[in-house]
Amino acid sequence: MIDEILKLNVRVVAASKYVDAKAIREKFKQGILEFGENQVKALALKKEELKDLPIKWHFIGNLQSNKINLLLKQRPILWQSCNGLKLARAVNKRLDYELDTLLEINSANELSKTGLDIQKALDEYLQIKEECKNIRLCGVMSIGANSADKKEIQKSFEATYKLYEKLQKYGANICSMGMSSDYELAIKCGSNMIRLGSILFKNGS
């Protein structure tokens, strides 16, 4: 499965929230190099346990302001979940290096999700680029609609991709959307980075 995805020029990030360092080590041996964590403390612990491996760590979860310093110490290769200008300013203020970042978009407009309203996203993306010199915006991230209706999920992916297309002239080159349950649809809709958890780590292995 992974080989087929990689042939499509889609980057696979293993969402390792529910597994331990041993399971991550196993996947790394199988050729997966990029891993994403949802919690800053877990990222710090697993990174320390696996420091002998050249893993590329992503942060893909909701970032609380009291965890900013700890996250920045980890120097992730990509912060996927910047949910707007306010958080970007707070992080930028404490950065002493450039951090590759994605703007998280709530393209399904669901109250249960974090992320920026898609109507505000273009303006806010440009404002972050202008104001936050240590945050290097390089695209967008979104989660598909929480629906059993495939058309609704597709609609949310298409909305994110349309925004991504508009942002390409401002340097955007990553459209991160699609998880274990909907990654094939996300790729069809233009995603070039997917975040896979349960499908990779079956039975925690």
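Only this structure's heavy atoms are used, side chains among them; waters, hydrogens and symmetry mates stay out. Just so you know, residue 1 is the first one in the sequence shown, and it goes up from there.
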Legend entry - side chain to side chain contact (heavy atoms under 4.5 Å, CB included) assessment of Arg195 paired with Met141: CA-CA 10 Å; Arg195 309 173 303 277; Met141 180 271 255; 3.4 Å; yes
Closest approach of [X] to [Y] (non-hydrogen atoms, all atoms of both residues):
X: Phe28; Y: Phe35; value: N-CZ, 3.9 Å
X: Leu78; Y: Thr101; value: CD1-N, 3.8 Å
X: Trp57; Y: Ile24; value: CH2-CD1, 4.0 Å
X: Tyr125; Y: Leu167; value: CD2-CD2, 3.4 Å
X: Gln154; Y: Cys189; value: CG-SG, 3.8 Å
X: Gly144; Y: Ile153; value: CA-CG2, 4.3 Å

Legend entry - Val140/Thr160 under side chain to side chain contact (heavy atoms under 4.5 Å, CB included): CA gap, chis, key distance, verdict: CA-CA 8 Å; Val140 291; Thr160 300; 3.8 Å; yes
Heavy-atom side-chain proximity of [X] to [Y] below 4.5 angstrom:
X: Ile143; Y: Met177; value: no
X: Ile118; Y: Asn109; value: no
X: Gln64; Y: Lys67; value: yes
X: Ile77; Y: Glu34; value: yes
X: Lys188; Y: Glu158; value: no
X: Met179; Y: Leu196; value: no
X: Lys47; Y: Ile55; value: no

Transitively linked via ILVMFWY side-chain contacts under 4.5 Å: [X] with [Y]?
X: Ile174; Y: Ile135; result: no
X: Leu116; Y: Leu99; result: yes
X: Ile68; Y: Val40; result: yes
X: Val91; Y: Leu102; result: no
X: Leu50; Y: Leu45; result: no

Inter-residue atom distance [X].[atom1] - [Y].[atom2], 0.5 Å rounding:
X: Arg25; Y: Asp20; atom1: CZ; atom2: CG; result: 10.5 Å
X: Met193; Y: Arg11; atom1: CE; atom2: CZ; result: 3.5 Å
X: Thr114; Y: Leu87; atom1: OG1; atom2: CG; result: 10.0 Å
X: Cys82; Y: Arg89; atom1: SG; atom2: CZ; result: 11.5 Å
X: Leu72; Y: Tyr97; atom1: CG; atom2: OH; result: 4.5 Å
X: Leu53; Y: Lys29; atom1: CG; atom2: NZ; result: 9.0 Å

State whether the side chain of [X] and the backbone N or O of [Y] hold a donor-acceptor pair below 3.5 Å, judged by distance alone.
X: Lys27; Y: Leu200; result: yes
X: Asp182; Y: Leu185; result: no
X: Lys51; Y: Lys46; result: no
X: Ser81; Y: Gly61; result: yes
X: Ser156; Y: Ser107; result: no
X: Lys129; Y: Tyr170; result: yes
X: Lys17; Y: Gln39; result: no
X: Asn106; Y: Asp117; result: no
X: Ser191; Y: Gly178; result: no
X: Asn192; Y: Val10; result: no

Legend entry - More than 12 heavy atoms of other groups within 6.0 Å of Lys169 NZ: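 No.
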Legend entry - Over 12 non-hydrogen atoms of neighbours within 6.0 angstrom of CD in Glu130: no
Legend entry - side chain to side chain contact (heavy atoms under 4.5 Å, CB included) between Gln74 and Leu70, intermediate numbers included: CA-CA 7 Å; Gln74 309 317 309; Leu70 183 58; 3.5 Å; yes
Inset, instruction - Inspect the contact between Lys155 and Glu152 and indicate whether a charged nitrogen and a carboxylate oxygen are less than 4.0 angstrom apart. - result: yes
Legend entry - Electrostatic pair Asp100:Arg75 at N-O distance under 4.0 angstrom: no
Legend entry - Verdict with reasoning, Glu37 to Ser16, per side chain to side chain donor-acceptor pair (under 3.5 Å): CA-CA 6 Å; Glu37 283 291 326; Ser16 47; 2.6 Å; yes
Inset, instruction - Decide side chain to side chain contact (heavy atoms under 4.5 Å, CB included) for Ile187 and Tyr183; before the verdict, give the C-alpha distance in whole Å, the side-chain angles of both, and the deciding distance to 0.1 Å. - result: CA-CA 6 Å; Ile187 291 169; Tyr183 73 91; 4.0 Å; yes
